[in-house]
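Single-structure report; data block below.
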Amino acid sequence: PPPLTQRTAILMPTYNEAPARIFAGLQATYESVEATGALDAFDFFILSDTTDADTWIAEEAEFLALRARTGGEARIFYRRRPRNIDRKAGNIGEWVTRFGGAYENMLVLDADSVMTGDCIVRIASAMERHPRVGLIQTLPVIVAGRTLFSRMQQFAGRLYGPLIAQGLAWWHGPDSNYWGHNAIIRTEPFASGAGLPD
């Protein structure tokens, strides 16, 4: 992978999700980034808006266990907001105002997202090489769907997803929609221009 000089925060917002699943996915992503040799360019944040007390206690236990398993005490962080104002957008916004100034980029995941280290390093490198790009979004795919509907979506996504992505890229050119996750975003422009009124 290309060498990185900029700092990127990997954000995983969560709201009353199953902690064991979330932290297992985040560990897989962490270890994949570590395997690239570029781990020093990344910090990982679990941004909890969880309101259920049992779930939030389990999140904290999983967080401590994850840091112990990975040795990531210096780069894996957990923050729980006591009031989840503005839902996921507010969760990201609060992180940006408190911590965003330390990072050129932020990679926003979903609670069920898992990304390969190779993909993460490549999109972070693309942000460095193209300073006028504000956002790069990956093509999400469903993995291990269990219901008939999710299996059909998984099949269709694998079959038609790349074609749809190419078509959207051609149609939109340099501008497009942001679907809310699995995207690396340049932090400063986002902080200065993405605020919306309540």
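The side chain to side chain donor-acceptor pair (under 3.5 Å) analysis of residues 14-26, with sequence neighbours excluded, yields the pairs Asn16-Thr51, Glu17-Arg21.
With Arg186 contributing its side chain and Met127 its backbone, the two residues share a donor-acceptor pair below 3.5 Å. Looking at Arg80, its side chain never comes within 3.5 Å of a backbone N or O of Ser48 through a donor-acceptor pair. At distances below 3.5 Å, not a single donor-acceptor pair connects side-chain atoms of Glu128 with backbone N or O atoms of Leu4. Between the side chain of Arg81 and the main chain of Gly90, a donor-acceptor pair closer than 3.5 Å is present. Under the 3.5 Å distance criterion, the side-chain polar atoms of Arg75 are matched with a main-chain donor or acceptor of Leu39. When atom types are taken as modelled, the side chain of Asp49 and the backbone of Asn91 share no donor-acceptor pair closer than 3.5 angstrom. Between the Arg79 side chain and the Phe45 main chain, no donor and acceptor come within less than 3.5 Å of each other.
Phe44 pairs with exactly one of Leu107, Leu109, Val33, Thr70 by the side-chain contact (heavy atoms from CB on, under 4.5 Å) rule, that one being Val33.
Arg83 is linked by a side-chain contact (heavy atoms from CB on, under 4.5 Å) to Ile85, counting only residues two or more places apart in sequence or in another chain. In terms of the side-chain contact (heavy atoms from CB on, under 4.5 Å) criterion, residue partners of Glu188 (sequence neighbours excluded) are, by chain and number, Ser192.
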Go through the steps to decide whether Glu59 and Tyr78 satisfy the test side chain to side chain donor-acceptor pair (under 3.5 Å), and finish with yes or no. CA-CA 9 Å; Glu59 284 175 357; Tyr78 173 87; 2.7 Å; yes
Begin with the C-alpha distance, continue with both residues' side-chain angles, and end with the deciding distance and a verdict on ring pair (Phe, Tyr, Trp, His ring centres under 6.0 Å) for Trp95 and Phe77.
-> CA-CA 12 Å; Trp95 180 88; Phe77 307 97; over 10 Å; no
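Using a 3.5 Å distance cut-off with no hydrogens or angles, the side chains of Trp56 and Glu60 do pair a donor with an acceptor.
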